[in-house]
There are 2 protein chains.
Amino acid sequence: MQTKIQELRKLKKVTQNELADAVNVTRQTIISLECGRYNASLILAHKIAQFFEVSIEEIFIFNQEDENL
Amino acid sequence: MQTKIQELRKLKKVTQNELADAVNVTRQTIISLECGRYNASLILAHKIAQFFEVSIEEIFIFNQEDENL
DNA sequence: ACCAAATGTCAAGCGTATTTTACAAAAAAA
DNA sequence: TTTTTTTGTAAAATACGCTTGACATTTGGT
């Protein structure tokens with residue numbers, strides 16, 4: 001699962017820590033999402049999308065390899 | 001977390017089993033989602049949205065009580 | 001070159017989404 | 001009414017998102 005989190009974060013000039021605080025998770029979680037290590041929960045995805053004022057589909061990129069849960 | 005899964009499913013005249021098979025999860029998972037027992041993963045949400053040809057935001061309804069992960 | 005902030009890695013643990021199996025109730029069909 | 005399909009419930013096991021804490025590396029400013 002790829003995401004545009006890092007891209008949007010740099011556009012908005014926000015640090016990992018600031019984003020983590022804003023959506024109420026650990027910095028670790030942000031790092032892992034940016035590095036594509038695992039898939040966010042739906043609610044976290046929604047919070048991040050809200051933070052950047054875009055839709056979930058605009059941030060998270062689904063490819064065929066993500067067919068597993 | 002409320003969803004419109006049941007509503008869309010009945011519109012499309014699809015059984016829980018058929019939907020479960022289509023998105024590659026157990027029928028239990030569909031039941032639990034329809035009953036709002038827990039929150040779907042992002043990928044599952046995406047697959048369900050794709051199945052019904054709508055956006056994630058059109059199916060899953062986020063309310064303030066979902067502020068926890 | 002130095003210092004501090006930002007980013008990254010690793011490993012153990014907790015909570016919860018999802019699976020599995022088996023069975024019960026309701027609805028539809030015959 | 002009987003049979004089959006669909007929907008629901010319950011409990012135990014597994015998988016994985018997320019946390020915590022400690023430490024390493026990179027980046028930028030002075």
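Below, each value reflects all heavy atoms present in this structure, side chains not excepted, and no hydrogens, waters or symmetry copies.
- Listed candidates were C:dT18, D:dG8, D:dT19. Nearest to the side chain of A:V25 is D:dT19.
- Remark: B:K4 fails to qualify as a cation-pi partner of B:F52 under the 6.0 Å distance and 45° angle criteria applied to the six-membered ring.
- Partner of A:I48 under the side chain to side chain contact (heavy atoms under 4.5 Å, CB included) criterion, out of A:I43, A:V23, A:V54, A:T3: A:V23 alone.
- Of the N and O atoms on the side chains of B:S55 and B:E58, at least one donor lies less than 3.5 Å from an acceptor on the other residue.
- Between the side chain of A:Q28 and the base of C:dT9 there is at least one donor-acceptor pair of N/O atoms closer than 3.5 Å.
- One distance of note links CD1 of B:I56 with CZ of B:F62; it measures 7.5 Å at 0.5 Å rounding.
- Taken together through direct or relayed side-chain contacts under 4.5 Å among Ile, Leu, Val, Met, Phe, Trp and Tyr, B:M1 and A:V25 form part of one hydrophobic cluster.
- Side chain of A:Q6, nearest nucleotide from C:dG8, D:dC18, C:dT18: C:dG8.
- The phosphate of C:dT7 (OP1 or OP2) has a side-chain N or O of A:T15 nearer than 4.0 angstrom.
- In this model, the phosphate group of D:dG8 is approached by a side-chain N or O of B:Q16 to a distance below 4.0 Å at OP1 or OP2.
- Following rounding to the nearest Å, A:I5 (CD1) and C:dG8 (P) show an atom-to-atom distance of 12 Å.
- Atom CD in B:E18 sits about 12 Å away from atom P in D:dT5, given to the nearest Å.
- For A:R37 against D:dG17, no side-chain N or O and base N or O form a donor-acceptor pair under 3.5 Å.
- Distances shorter than 4.0 Å separate none of the side-chain N or O atoms of B:S41 from OP1 or OP2 on D:dG17.
- Taking atom NZ of residue A:K13 and atom C1' of nucleotide C:dT7, one finds them 18 Å apart after rounding to whole Å.
- Which of D:dC18, D:dG17, D:dT7 sits closest to the side chain of A:N39 comes down to D:dG17.
- As rounded to whole Å, 8 Å separates atom P of D:dT7 from atom CG of B:N17.
- In this structure, the OH atom of A:Y38 is 13 Å from the P atom of C:dT9, given to the nearest Å.
- Under 4.0 angstrom from either OP1 or OP2 of C:dT19 there lies at least one side-chain N or O belonging to B:T26.
- If you measure from atom CD1 of B:I48 to atom C1' of C:dA17, you get 13 Å, rounded to the nearest angstrom.
- Between B:R27 and C:dA22 there is no side-chain polar atom (N or O) within less than 4.0 angstrom of OP1 or OP2.
- Distance A:E34 CD to C:dG8 P: 6 Å, rounded to the nearest Å.
- If you take CG of A:L19 and P of C:dT7, they are 10 Å apart, rounded to a whole angstrom.
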